[in-house]
Colleague: 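One structure is given below, represented as C-alpha cells, and several questions about it will come after.
From a predicted model like this one, the values you see are computed outputs, not experimental measurements.
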Amino acid sequence: MLKFPDHQVAGHQALRGQLGPQIDESGRFYKPLQQDERGSREAAFYNALLHSNTKVKKQILRFFPAYYGTQNIEASDGSGLHPHLVLQDVVSDYVKPCIIDIKIGSRTWYPQASEDYVAKCLRKDRGTTTVSLGFRISGLQIYQAENSGYWKPDRNQIHKFTVDDVRSVFRKLISSNQSVCNSDYGGIFPQLLELKSWFEDQTDFHFYSCSILLIYDGESENKGGNPHSMIKLIDFAHVFSGNDVIDHNFLGGLCSLIKFISDTPAIHSTKP
C-alpha cells in the first residue's frame, strides 16, 4: 500500500494532485523519474553506484540511499503509470525523524545549462546563503517535545534564511541531540569528515544542486528512538563526469558546512 511521505521537508511533494514521491510499508521510497535528461542522468548515476567496483562502493556507498532499480507505479497525480526510482526510505527506522536538507555548493547551475537556467539559479543562489556560505538549507524539521511537536518552517521562511538564521538552526539541531556531534563513528560530524575525505580525492563525478540530509531521531532511545544519526546524499539529476578533476564546488561547500557546524556556539548547552 503506497502513501505520501509524512516527513518530506523539500522537493516536489505529492500534494493537491501534484506528481511527487510515495512510500510503502517495507521502507522503500518511490521518486518519480523526470521525463527528460534529468531523469536519465539520475537513473544512470544510481546504476553507476549499484554496479561500481571502484572506491565509491568501498568507501562511501553508505552515504547514498540504497537503490532498487526503477518501477512503473500509479502516479500520485492520477495520471496513470509512471516510472519511478525505487530507493531506500531513509527515515523509516526513526520514530521522530529530525531532518535538515542542505543544498551544497556556492554554485547550483551546471556548465552545460542554458542562459535562462543559469540566470534562474543565480537569482536564487544570490538571494539565499548559497553564495555567502557555500550551502543553503532547503528544508527542515526538528522534533521539540510531545506538546509542541515539530518545528517545520515553510518554504518561504526558509528561502529568506540569513546566515544568523542558519546558525540558529544548527544551534537547535545540536542542542536538541548531543549525539549529533559525537566524535564516535555514529555521529553526524565524523560522517561529514569521512565524506569530505572522499571528495578531496574523487574525480569521477561533479555534483551540482545536490543535497545532504542530516538525520537523527528526536525520540529518546529508552522510548524506542534510533540512537544512530546519519547523513545521506540525495538529488542527482545534475551529476556529470568529473573528467579527472576534483569537484571544488561541492568540496568547498562541504568544508564550509563542517566549519560552520564546528564553530556553532553553545554545543553543550541545553537551549540555543
Side-chain angles (χ1 to χ4, degrees), residues 5 7-16 18-21 31-32 34 36-39 41-42 98-142 150-174 188 192 195-196 199 205-215 231-240 247-265 272:
H7 302 291
Q8 185 180 350
V9 298
H12 299 290
Q13 299 185 6
L15 301 173
R16 296 178 293 278
Q18 298 182 73
L19 182 63
K31 179 180 180 180
Q34 298 180 82
D36 55 23
E37 67 276 4
R38 293 172 296 176
R41 273 197 302 263
E42 185 156 32
C98 298
I99 310 159
I100 302 182
D101 182 316
I102 305 168
K103 194 172 292 293
I104 302 294
S106 59
R107 190 184 90 184
T108 58
W109 51 273
Y110 51 98
Q112 300 91 331
S114 68
E115 290 185 6
D116 288 344
Y117 184 82
V118 171
K120 176 184 175 182
C121 290
L122 279 173
R123 285 194 298 272
K124 184 173 287 187
D125 292 351
R126 290 169 177 168
T128 63
T129 62
T130 290
V131 172
S132 58
L133 290 179
F135 64 88
R136 71 171 179 257
I137 293 176
S138 296
L140 70 98
Q141 67 174 33
I142 294 178
Y150 284 100
W151 176 53
K152 190 174 184 178
D154 64 34
R155 187 170 298 183
N156 288 332
Q157 288 177 279
I158 291 172
H159 283 172
K160 296 176 183 177
F161 274 1
T162 64
V163 172
D164 286 340
D165 293 327
V166 174
R167 184 173 291 109
S168 178
V169 167
F170 282 109
R171 290 184 67 190
K172 285 179 181 290
L173 168 74
I174 294 166
I188 281 177
L192 289 172
L195 186 63
K196 170 179 168 286
F199 269 97
F205 306 106
H206 282 188
F207 296 80
Y208 296 96
S209 202
C210 171
S211 287
I212 292 178
L213 297 182
L214 310 184
I215 307 168
I231 67 172
K232 292 288 184 181
L233 279 76
I234 61 168
D235 296 338
F236 307 116
H238 300 303
V239 174
F240 294 85
D247 186 355
H248 292 287
N249 180 58
F250 192 98
L251 176 60
L254 179 57
C255 290
S256 178
L257 173 64
I258 290 170
K259 185 177 188 305
F260 197 86
I261 294 176
S262 66
D263 289 346
T264 298

Colleague: Quick one: closest heavy-atom pair of V9 and K152, and the distance?
Modeller: CG1-CE, 4.2 Å
Colleague: Please find the pair of heavy atoms, one from D235 and one from K31, that lie closest to each other, and give the distance.
Modeller: OD1-NZ, 3.2 Å
Colleague: CG/L254 to CZ/F207 distance, rounded to the nearest 0.5 angstrom?
Modeller: 11.5 Å
Colleague: Atom SG of C255 and atom CZ of F260: how far apart are they, to the nearest 0.5 Å?
Modeller: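 If I round to the nearest 0.5 Å, the distance is 15.0 Å.
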Colleague: List the atom of I142, the atom of L173, and the distance in Å for their closest heavy-atom pair.
Modeller: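 Between these two residues, the closest heavy atoms are CD1-N, 4.0 Å.
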Colleague: Using atom types as modelled and distance alone, determine if a side-chain donor or acceptor of Q157 lies under 3.5 Å from a backbone N or O of D154.
Modeller: yes
Colleague: Could you walk me through whether F170 and L214 pass the side-chain contact (heavy atoms from CB on, under 4.5 Å) check?
Modeller: CA-CA 11 Å; F170 282 109; L214 310 184; 3.9 Å; yes
Colleague: Identify the residue among D165, V163, D164 that makes a side-chain contact (heavy atoms from CB on, under 4.5 Å) with F161.
Modeller: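 The residue from D165, V163, D164 that satisfies side-chain contact (heavy atoms from CB on, under 4.5 Å) with F161 turns out to be D165.
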Colleague: Are the side chains of T108 and K103 in contact, using a 4.5 Å heavy-atom criterion?
Modeller: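 K103 vs T108: side chains touch.
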Colleague: Hey, could you give me the CD1/CD1 distance between I100 and I231, rounded to the nearest 0.5 Å?
Modeller: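 Reported to 0.5 Å precision, the distance equals 13.0 Å.
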Colleague: Find the distance between CG (L251) and OG (S256) and round it off to the nearest 0.5 Å.
Modeller: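 It is 11.0 Å, given to the nearest 0.5 Å.
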Colleague: Using 0.5 Å steps for rounding, measure from the CD1 atom of I258 to the CG atom of L195.
Modeller: 7.5 Å
Colleague: Using the side-chain contact (heavy atoms from CB on, under 4.5 Å) rule, pick out the option among V166, I104, D125, I102 that qualifies with R136.
Modeller: D125
Colleague: Examine distances only and state if a side-chain atom of N249 and a backbone atom of R107 form a donor-acceptor pair shorter than 3.5 Å.
Modeller: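 Between the backbone of R107 and the side chain of N249 there is a qualifying donor-acceptor contact (under 3.5 Å).
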Colleague: Does a side-chain heavy-atom distance below 4.5 Å link H238 with C210?
Modeller: no
Colleague: Check the pair K120, W109 against side-chain contact (heavy atoms from CB on, under 4.5 Å), reporting the backbone distance first and the verdict last.
Modeller: CA-CA 9 Å; K120 176 184 175 182; W109 51 273; over 6 Å; no
Colleague: Output the distance between atom OG (S262) and atom CG (L257), rounded to the nearest 0.5 Å.
Modeller: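 Here the rounded value is 9.5 Å.
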Colleague: Determine, step by step, whether Y110 and H206 satisfy the side-chain contact (heavy atoms from CB on, under 4.5 Å) criterion, reporting the C-alpha distance in whole Å, the side-chain angles of both residues, the deciding distance to 0.1 Å, and the verdict.
Modeller: CA-CA 9 Å; Y110 51 98; H206 282 188; over 6 Å; no
Colleague: Answer whether the closest heavy-atom distance between the side chains of S132 and T129 falls below 4.5 Å.
Modeller: yes
Colleague: Mind listing the closest non-hydrogen atom pair of P21 and P5 along with its distance?
Modeller: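 The answer is O-CD, 3.2 Å.
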Colleague: What is the minimum heavy-atom distance between F135 and G253, and which atoms define it?
Modeller: CD2-O, 4.0 Å
Colleague: Are the side chains of Y150 and I99 in contact, using a 4.5 Å heavy-atom criterion?
Modeller: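 Side chain of I99 against side chain of Y150, heavy atoms only: no contact under 4.5 Å found.
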Colleague: Heavy atoms only: give me the nearest R155-A10 pair and the separation to one decimal.
Modeller: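 Closest heavy-atom pair between R155 and A10: NH2-C, 4.4 Å.
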Colleague: Are R167 and L133 side-chain neighbours, meaning at least one heavy-atom pair lies under 4.5 Å?
Modeller: no
Colleague: How about F205 and F250: are their ring centroids closer than 6.0 Å?
Modeller: no
Colleague: Just by distance, do the side chain of D101 and the backbone of S138 share a donor-acceptor pair under 3.5 Å?
Modeller: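 Such a contact is absent between D101 side chain and S138 backbone.
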